[in-house]
Amino acid sequence: MQAFAVAALSIWLCLGATTLAESHGPQHCSKDHLLYILLRLMFLALTGGEIKATGHYSYDSTDKKIRFTESEMHLNKTEHLEDYLMLFEEGVFYDIDMKNQSCKKMSLHSHAHALELPAGAAHQVELFLGSDTVQEENIKVNIWTGSVPETKGQYFLSTTVGECLPLSTFYSTDSMTLLFSNSEVVTEVKAPEVFNLPSFCEGVELEEAPEGQKNDFFSLFNSV
């Protein structure tokens, strides 16, 4: 874990000019700020530099739901745009095809995702992105690390100091390495019906995953 934290911190420092801020210990997140979070223009990238997908995320942290809709910004394929509705409390997700009005229902084998700071995250450091001497030319962030036992993954996550809004997540296992970067984060979903299941998905039978396959937030986007 220590080696992972060092490597991940090095990657973070390469993403932009940063200056160490005076440390006052970790700022714990308040769930009161996380009723609804909408994340726009979310980029998924392999460390090799390939942008896997961009899109919009809607996240209901109260009922533990995530809706991701892929945009065409970096689309380089003829298949349908990815559209996922993840219901973590029910342990299922829907792969939705709006064009053909069809969907698949499959099990989710982990509640871990990149849009909320896990309870067991360890605070590493507080940083300034930009300049700490020029007003309105910086943002103060907290850097956290931890692991996801059920996926055998490790993560490196940055959040804002005040409301713990997720800015980026670096996630790695033996089989995948992903970088999630969020922008235009707001704390309200103005159209909560985005979490409603399309009518053509109602009554769809649960499909069994192939033997040995475990579906979770991270593996879904590794296959995009």
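Only this structure's heavy atoms are used, side chains among them; waters, hydrogens and symmetry mates stay out. One is the number of the first residue; the rest follow in order along the sequence.
Of all non-hydrogen atoms in Asp60 and Asp63, the two that sit nearest each other are OD1-N, 3.1 Å. Closest of all the heavy-atom pairs between Asn215 and Ala209 is ND2-CB, 4.0 Å. Between Leu129 and Val141 the shortest heavy-atom distance is CD1-CG1, 4.2 Å. For Ile96 against Cys201, the heavy-atom pair with the smallest separation is CG1-SG, 4.2 Å.
The local environment of CD in Glu89 is crowded, with over 12 non-hydrogen atoms from other residues, nucleotides or ligands closer than 6.0 Å. Within 6.0 Å of CD on Glu193 lie more than 12 heavy atoms contributed by other residues, nucleotides or ligands.
Under the 4.5 Å side-chain heavy-atom criterion for grouping Ile, Leu, Val, Met, Phe, Trp and Tyr, Phe200 is connected to Tyr94 within one hydrophobic cluster. Both Ile139 and Phe170 are assigned to one and the same hydrophobic cluster, defined by single-linkage of ILVMFWY side chains at heavy-atom distances under 4.5 Å. Linking Ile, Leu, Val, Met, Phe, Trp and Tyr residues whenever their side-chain heavy atoms come within less than 4.5 Å places Val92 and Leu197 in a single cluster.
Each of Phe180, Tyr155, Phe88, Tyr59 was compared with Phe217 under the ring pair (Phe, Tyr, Trp, His ring centres under 6.0 Å) criterion, and only Phe180 meets it. Among the candidates Val194, Ile66, Leu115, Thr69, the single residue satisfying the side-chain contact (heavy atoms from CB on, under 4.5 Å) test with Ser58 is Val194.
Between atom CD of residue Glu70 and atom CD of residue Glu82 there is a gap of 5.5 Å, rounded to the nearest 0.5 Å. For the atom pair Met98 CE and Cys103 SG, the distance stands at 10.0 Å (nearest 0.5 Å). Distance CG/Asn196 to CD/Glu202: 9.5 Å, rounded to 0.5 Å. Rounded to the nearest 0.5 Å, atoms NZ (Lys104) and CG (Asp97) are 9.5 Å apart. Atom NZ of Lys64 and atom CG of Leu87 lie 13.5 Å apart (nearest 0.5 Å). With values rounded to the nearest 0.5 angstrom, Ser107 atom OG is found 6.5 Å from Glu208 atom CD.
Defined by atom type and a distance below 3.5 Å, a donor-acceptor pair is present between the side-chain atoms of Ser168 and Ser158.
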Report task. Start with the C-alpha gap between Lys105 and Leu85, add the side-chain angles, then the distance that decides, and say whether side-chain contact (heavy atoms from CB on, under 4.5 Å) holds. Result -> CA-CA 10 Å; Lys105 178 183 179 182; Leu85 176 61; over 6 Å; no
Report task. Run the numbers on Ser147 and Gln154 for side-chain hydrogen bond (donor to acceptor under 3.5 Å, both in side chains), then give the verdict. Result -> CA-CA 4 Å; Ser147 61; Gln154 296 177 305; over 6 Å; no
Requested in this report: List the steps and the verdict of side-chain contact (heavy atoms from CB on, under 4.5 Å) for Thr169 and Leu157.
Outcome: CA-CA 4 Å; Thr169 301; Leu157 189 147; 3.5 Å; yes
Report task. Under the side-chain contact (heavy atoms from CB on, under 4.5 Å) rule, what do Glu126 and Lys140 come out as? Steps first, then yes or no, please. Result -> CA-CA 7 Å; Glu126 186 178 281; Lys140 189 186 293 186; 3.1 Å; yes
Query raised in the report: Hey, mind stepping through Ser110 and Val148 against side-chain contact (heavy atoms from CB on, under 4.5 Å) and telling me if it holds?
Result: CA-CA 9 Å; Ser110 172; Val148 183; 4.2 Å; yes
Report task. Could you please spell out the steps behind the ring-ring contact (aromatic ring centres under 6.0 Å, His included) verdict for His113 and Phe218? Result -> CA-CA 7 Å; His113 57 78; Phe218 300 101; 8.3 Å; no
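Thr160 places a side-chain N or O within 3.5 Å of a backbone atom of Leu165 that can act as its donor or acceptor partner.
Pro166 has its side chain out of reach of Glu116: every pair of non-hydrogen atoms, C-beta onward, lies at least 4.5 Å apart. Counting heavy atoms from C-beta outward, Met106 and Asp95 have side chains that stay 4.5 Å or more apart. Side-chain contact check for Asp83 versus Phe68: every heavy-atom pair is 4.5 Å or farther apart. The shortest distance between side-chain heavy atoms of Thr151 and Asp216 falls below 4.5 Å. By the 4.5 Å heavy-atom criterion applied to side chains, Thr159 and Leu167 are not counted as neighbours.
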